[in-house]
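Notes for the one structure printed next.
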Amino acid sequence: MIIAKIKPLEEVHAMIKPFKRVLNVGCAGCTAVCLAGGQKEVETLNTKLELSFKDMRPSPLIEGFTVERQCEPQFLDALDTMVEEYDALLSMACGAGIQFLAERFPDMKVFPAVNT
């Protein structure tokens, strides 16, 4: 079992600030169990990020999507047609999930939103 904690908001904000469209990818596996990366946490982090960008014009578009497990390639299939719409990916998975995401989409910037 992986234990994860969401990074400080300021750190995540700084990582994605240069991008116009960001997809926050959650994981319904281990990080969801420890309340750091499931769909609810994706939505909560997205809301906090949107508020943190409220004075920036234009502010980045931040959307969310949660896969069953980022550490298993077959669960990333759902993202294949989605990622081309974004400038960067934010991952709420463990280190293995983030690595799989980065390998699957090598031309995309992938940033970790959690510490494991």
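Along the sequence shown, the residues carry numbers beginning at 1. What's counted below: heavy atoms across the whole structure, side chains too, no hydrogens, waters or symmetry copies.
Under the 4.5 Å side-chain heavy-atom criterion for grouping Ile, Leu, Val, Met, Phe, Trp and Tyr, Val83 is not connected to Ile62 through any hydrophobic cluster. Connection of Leu9 to Val42 is established within a shared hydrophobic cluster, with ILVMFWY side chains joined at heavy-atom distances below 4.5 Å, either directly or through further cluster members. The hydrophobic clustering, which links ILVMFWY residues whose side-chain heavy atoms are closer than 4.5 Å, places Phe75 and Phe65 apart. A single hydrophobic cluster is seen to contain both Val67 and Met108, as judged by linkage of ILVMFWY side chains at heavy-atom distances under 4.5 Å, directly or through other members.
Atoms SG and CG, on Cys71 and Leu76 in that order, are 9.0 Å from each other to the nearest 0.5 Å. Atom CZ in Phe100 sits 11.5 Å away from atom CZ in Arg69 (nearest 0.5 Å). In this structure, CE in Met56 is found 13.0 Å from CD in Glu50, a value given to the nearest 0.5 Å. Taking CD1 of Ile3 as the start and SG of Cys30 as the end, the distance is 10.0 Å to the nearest 0.5 Å. Distance check, rounded to the nearest 0.5 Å: NZ of Lys109 to CG of Leu89 gives 12.0 Å. Of the inter-residue distances, the one linking Leu61 atom CG with Leu23 atom CG reads 9.5 Å to the nearest 0.5 angstrom.
In this structure, Asp87 contributes its side chain and Arg21 its backbone to a donor-acceptor pair below 3.5 Å. The backbone N or O of Lys40 sits nowhere less than 3.5 Å from a side-chain atom of Glu43 that would complete a donor-acceptor pair. With hydrogens and angles ignored, the 3.5 Å screen pairs a side-chain donor or acceptor of Gln70 with a backbone N or O of Val25. Side chain of Thr31 to main chain of Met92: a donor-acceptor pair is present (N/O by atom type, distance under 3.5 Å, no hydrogens or angles).
Nearest heavy atoms, Pro18 versus Ala14: CD-O, 3.9 Å. When all heavy atoms of Ala36 and Val114 are compared, the pair lying nearest together is O-CG1, 3.3 Å. Taking every heavy atom of both residues into account, Thr116 and Ala4 meet most closely at CG2-CB, 3.8 Å.
Between Pro112 and Lys7, the closest side-chain pair of non-hydrogen atoms falls below 4.5 Å. In this structure the side chain of Val22 never reaches within 4.5 angstrom of the side chain of Leu49, judged on heavy atoms. Within the 4.5 Å cutoff, the side chain of Asp77 has heavy atoms near those of the Arg104 side chain. Between Leu79 and Leu101, the closest side-chain pair of non-hydrogen atoms falls below 4.5 Å.
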*Could you walk me through whether Phe19 and Phe111 pass the ring pair (Phe, Tyr, Trp, His ring centres under 6.0 Å) test, one step at a time?*
CA-CA 12 Å; Phe19 302 97; Phe111 299 100; 5.6 Å; yes
*asked:* Could you walk me through whether Phe53 and Lys17 satisfy the side chain to side chain contact (heavy atoms under 4.5 Å, CB included) test, starting with their C-alpha distance in whole Å, then the side-chain angles of each, then the deciding distance to 0.1 Å, before giving a yes or no?
replied: CA-CA 8 Å; Phe53 284 110; Lys17 185 177 181 179; 4.0 Å; yes
*I would like to know whether Leu45 and Leu90 meet side chain to side chain contact (heavy atoms under 4.5 Å, CB included); could you show each step before the answer?*
CA-CA 11 Å; Leu45 179 58; Leu90 189 61; 4.2 Å; yes
